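The structure appears right after this line, and notes come after that.
These numbers were taken from a predicted model, which means no experiment stands behind them.
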Amino acid sequence: MRTRVPRTTRTVLALALAVPAFAAGLGATGLAAATPAAALGNGAALTPPMGWNSWNSFGPAINEQEVQQTIDYMSSSGLAAAGYNTVTIDDGWSLLHRSGQTTDIVKDAYGSLQLYDANGNPVSGTDGTGSDPTSGHLIPDPNNFPSQTVNGQTVNGIQYLAWYAHSKGMKFGLYATDTYTTCQGHPGSLGHETTDASDFVSWGVDFVKYDDCPYGPPITGPDGHDYGTQGEGKELTESIYERVQTFQRALDAASAAQGRPKVTLSVSAQPVHTGLPYLQDPNDPARTDPVIVAAGTPQYQAPGYAPTGVWCGQVANLCRIGGDRDSELDGVLYQGQLQTALQYRAGVRPGSWNDMDMMFAGWQDPYGLWGTTDTCPCHKPFTDTESQTEISILSMMAAPLISGADFRTAADSQHSYDGYTWSTGISSSALALYENRDVIAVDQDSLGVPATLVGSPPSSATAPVVLQRQLADGDTAVLLVNQDPDNTQTVSTSLAALGLTGPGYSSKDLWTGATGEFTASGGGVISASVPPHGAVLYRLSPLPTTVPATVVDDGRYHSLGSGTSGLVLEASGTCSAPVTSLADINTWSPTHTSEQWTFTSNPDGTVRISDNCDTSTQVHTVLAAGTGGGDPAYLLNYSAGNAWQEWRVVQNTATGALTIANVATGLALDTAGTGAGSTVVTNAPNPAASGQAWNLVS
């Protein structure tokens, strides 16, 4: 729901709406036996929709030229190709009356549509009665959406923009409501569902944002309870569930009748609305939906209202689960919509998604030059770091990626006020964040299972959060979030905490592209230094199946070839070198004992690696690691329990290659170069580093 604002004002008023507690107990009695609920399953939105909505940058004052500029930019900039393919016009696109009237709709003192009894007398509608006198079709405002000619045919401005989006290979979305009026006071679709659905489909609309705006006087029930503003007439007798279902079925019927694809339906109903149990129709389908019945309806509420996350997937493809957000990151963090998304993740599946509201990533303040003529915190643009965090959280929760940023060129998006000129067009750095294909792949993952919280809920609004998400190919996405706006934090988890029991996982930081490896032998810790309000997103893939190396405790000496060059591991300077000499790689000779190694298990299951030297300077010295990445490995006399002399050795069952990781550091045995005499070192585990794959030469 968007708060009603003047037609000529582009102010976005953010509502901080709390999710009502959801306790057991039905708010109405005498219900019929529950009938089986069926998920919508209309074949639409099998992955979370991606695109753009006009509200955050334009409010109700959007026009045809601005939408066309947005379509052009999204098509040419790569956004559409990346998946952001739907352009949606929000509230304010129609005239204030339908085609059956010559004057604007009549409002009462509360800004709601004036209803009438059968004799034409005005009624308050607060007892659930009253008729809507309007008729006819919604009319695009010709001042903002003038008619155009397409292929010799005159079409209205909305129909033209749908055609224009389609001509660019994109989709088109439009706003409507399940109430008598929209949030901005334009005609709503309640009671006109068949007409509006048929028009939308014939105009080429692919996506409908369906809002809920029940204006009217506060209502005190016969039970003495103050129910607040809940609407009038049928807004009080039919649940949001039923009103949405009626429109969705009308859309499907219109699509079938006109031979067009089914329309994706996105519900923007707000959890603040609770309904009036004593007025709700006893045959309302929400009363018998087993999902709603099982969840329970609190006292003073009615089935089929809050929380929408329980039932959305029964009647729509997307459903808002929280209030309107503004350009403060807190709205999407744990104390905001993330907690709600985690609470109602059970209803998420292909074709049914929890909507965490439009994105502010890359959004620039259209109401003034931020920091100069406008200092409202609710208009402060996200930094790129915060934009990255918002995109990460939504992607982990399988939420729609629908942006409210100004997707136009700098020239098209110029503003002037009080002697200042600025552009709200998205920056190149923010655009790159939107188009990160690795992150998009997490959001669009075909399994459709949203993330879970790792560990306990954060102890404060600034405490870190860790999320994990199972992906269709068996990979795991892990998100480390720093909720502190002022301080860098080290955010950590572990393979054990994630329930990942394999011996090791390759990792990719999806924002930087850096690769690495997390292994059980290396301690399994996943940790990063995360900037204020920042996030680090990893994708973990199981390493090729590994087993304890067969060379351990086989009583033999072996030569180990480096994967980079075919050269073998040796004690540098041969066996005549002193203890503390370095290890290197060199040409293999079957007679060189300095190139022969045996692997012996220690009591704790680790392995010591000893050379075959038996000279006056070296007698079966053992391989030891330095303290940091890139430090050389060297030879020492054996010291029991010395972790720098202990290794974990696993073998790839597919290739036979050994991976050798030091117990003290978790770093993997590697080479500093590929030529003969190159030093052997330890580096961060990296499955792509061929120098970390050691092959048995003998």
Provide the closest heavy-atom pair for Ser266 versus Phe207 in the form atom of the first, atom of the second, distance. CB-CZ, 3.5 Å

Counting N and O atoms only, with roles assigned by atom type, does the side chain of Arg469 sit under 3.5 Å from a partner on the main chain of Ser395, one being a donor and the other an acceptor? yes

Between Asp196 and Arg98, is there a salt bridge with N-O shorter than 4.0 Å? yes

Worked verdict on Val465 versus Leu338 for side chain to side chain contact (heavy atoms under 4.5 Å, CB included): CA-CA 10 Å; Val465 169; Leu338 175 56; 4.2 Å; yes

Looking only at heavy atoms, which two atoms of Ser255 and Pro261 are closest? And how far apart? OG-O, 3.3 Å

What's the separation between atom CG in Asp484 and atom OG in Ser460, rounded to the nearest 0.5 Å? 8.0 Å

Heavy-atom closest contact (Pro350 atom, Ser446 atom, distance): CG-O, 3.9 Å

Could you measure the distance from the OG atom of Ser268 to the CE atom of Met358? Nearest 0.5 Å is fine. 7.0 Å

Which pair of non-hydrogen atoms, one from Phe360 and one from Arg325, has the smallest distance, and what is that distance? CE1-O, 3.3 Å

Short side-chain to backbone donor-acceptor contact, Tyr215 and Cys183, under 3.5 Å: yes

Does a side-chain heavy-atom distance below 4.5 Å link Tyr180 with Ser112? no

Do Lys380 and Asp365 have side chains that approach each other closer than 4.5 Å (heavy atoms only, starting at C-beta)? no

Output yes when a side-chain donor or acceptor of Ser352 lies under 3.5 Å from a complementary backbone atom of Gly347, and no otherwise. yes

Is there a donor-acceptor contact under 3.5 Å from the side chain of Gln388 to the main chain of Ala535? yes

Using modelled atom types only, decide if a donor and an acceptor are shared between the side chain of Arg243 and the backbone of Leu190 within a distance under 3.5 Å. no

Any donor-acceptor pair under 3.5 Å linking the side-chain atoms of Asp132 with those of His192? yes

Using modelled atom types and a 3.5 Å cut-off, is there a donor and acceptor pairing between side-chain atoms of Trp353 and backbone atoms of Asn317? no

Ring-plane angle category for Phe200 and Trp203, please: parallel below 30°, perpendicular beyond 60°, tilted otherwise. tilted

Rounded to the nearest 0.5 Å, what separation is found between the CD atom of Gln483 and the CG atom of Leu329? 8.5 Å

Using only the SG atoms, establish whether Cys312 and Cys319 come within less than 2.5 Å of one another. no

Please state whether the rings of Tyr84 and Phe407 are parallel, tilted or perpendicular, taking 30° and 60° as the class boundaries. perpendicular

If you define the side chain from C-beta out and look only at heavy atoms, does anything of Leu333 sit under 4.5 Å from Val481? yes

Hey, does Pro277 have a side-chain heavy atom less than 4.5 Å from the side chain of Tyr300? no

Tell me yes or no: between the side chains of Asp289 and Tyr241, is some donor less than 3.5 Å from an acceptor? yes

Looking at Val123, is its backbone amide N or carbonyl O close enough to the side chain of Gln114 to form a donor-acceptor pair, meaning the two atoms are under 3.5 Å apart? yes

Verify side chain to side chain contact (heavy atoms under 4.5 Å, CB included) between Thr462 and Gln335, making sure each step is shown before the conclusion. CA-CA 10 Å; Thr462 59; Gln335 299 302 321; over 6 Å; no

Less than 4.5 Å apart, any side-chain heavy atom of Asp406 and any of Phe58? yes

List the steps and the verdict of side chain to side chain contact (heavy atoms under 4.5 Å, CB included) for Leu401 and Leu394. CA-CA 7 Å; Leu401 299 182; Leu394 267 59; 3.8 Å; yes

For residues Leu342 and Met397, determine if any side-chain heavy atom of one lies less than 4.5 Å from a side-chain heavy atom of the other. yes

Value rounded to 0.5 Å, distance of CG in Leu480 from CD in Gln468: 11.5 Å

Once rounded to the nearest 0.5 Å, what's the spacing between atom CG of Asp212 and atom OG1 of Thr182? 12.0 Å

Among Leu251, Val201, Asn42, Leu40, whose side-chain contact (heavy atoms from CB on, under 4.5 Å) with Lys262 holds? Asn42

Give a yes or no answer on whether the side chain of Glu193 reaches the backbone of Ala250 with a donor-acceptor pair at less than 3.5 Å. no

Okay, side chain of Arg287, backbone of Asp281: is any donor-acceptor separation there less than 3.5 Å? yes

Does atom CZ of Arg345 have more than 12 heavy-atom neighbours, drawn from other residues, nucleotides or ligands, at distances under 6.0 Å? yes

Distance, nearest 0.5 Å, that separates OG of Ser403 from CH2 of Trp52: 9.0 Å

Which of Ile219, Leu115, Thr220 passes side-chain contact (heavy atoms from CB on, under 4.5 Å) with Thr126? It is Ile219

At their closest point, which heavy atom of Gln245 faces which heavy atom of Pro285, and how far apart are they? OE1-CG, 3.6 Å

Using the side chain to side chain contact (heavy atoms under 4.5 Å, CB included) rule, take Met359 and Tyr434 through it: C-alpha gap first, then chi angles, then the decisive distance, then the call. CA-CA 10 Å; Met359 302 161 69; Tyr434 272 104; 3.7 Å; yes

Smallest separation among heavy atoms of Ser387 and Ala361, with atom names: OG-CA, 3.4 Å

Contact check, side chains of Asp108 and Glu232, non-hydrogen atoms, under 4.5 Å: yes

Can you label the angle between the Trp363 ring and the Tyr367 ring as parallel, tilted or perpendicular, going by 30° and 60°? tilted

Less than 4.5 Å apart, any side-chain heavy atom of Ile440 and any of Met50? yes

Does Asp206 come within less than 4.0 Å of Lys171, counting only side-chain N to carboxylate O? no

Treating Thr181 as the side-chain partner and Gly188 as the backbone partner, does any N or O pair qualify as donor plus acceptor under 3.5 Å? no

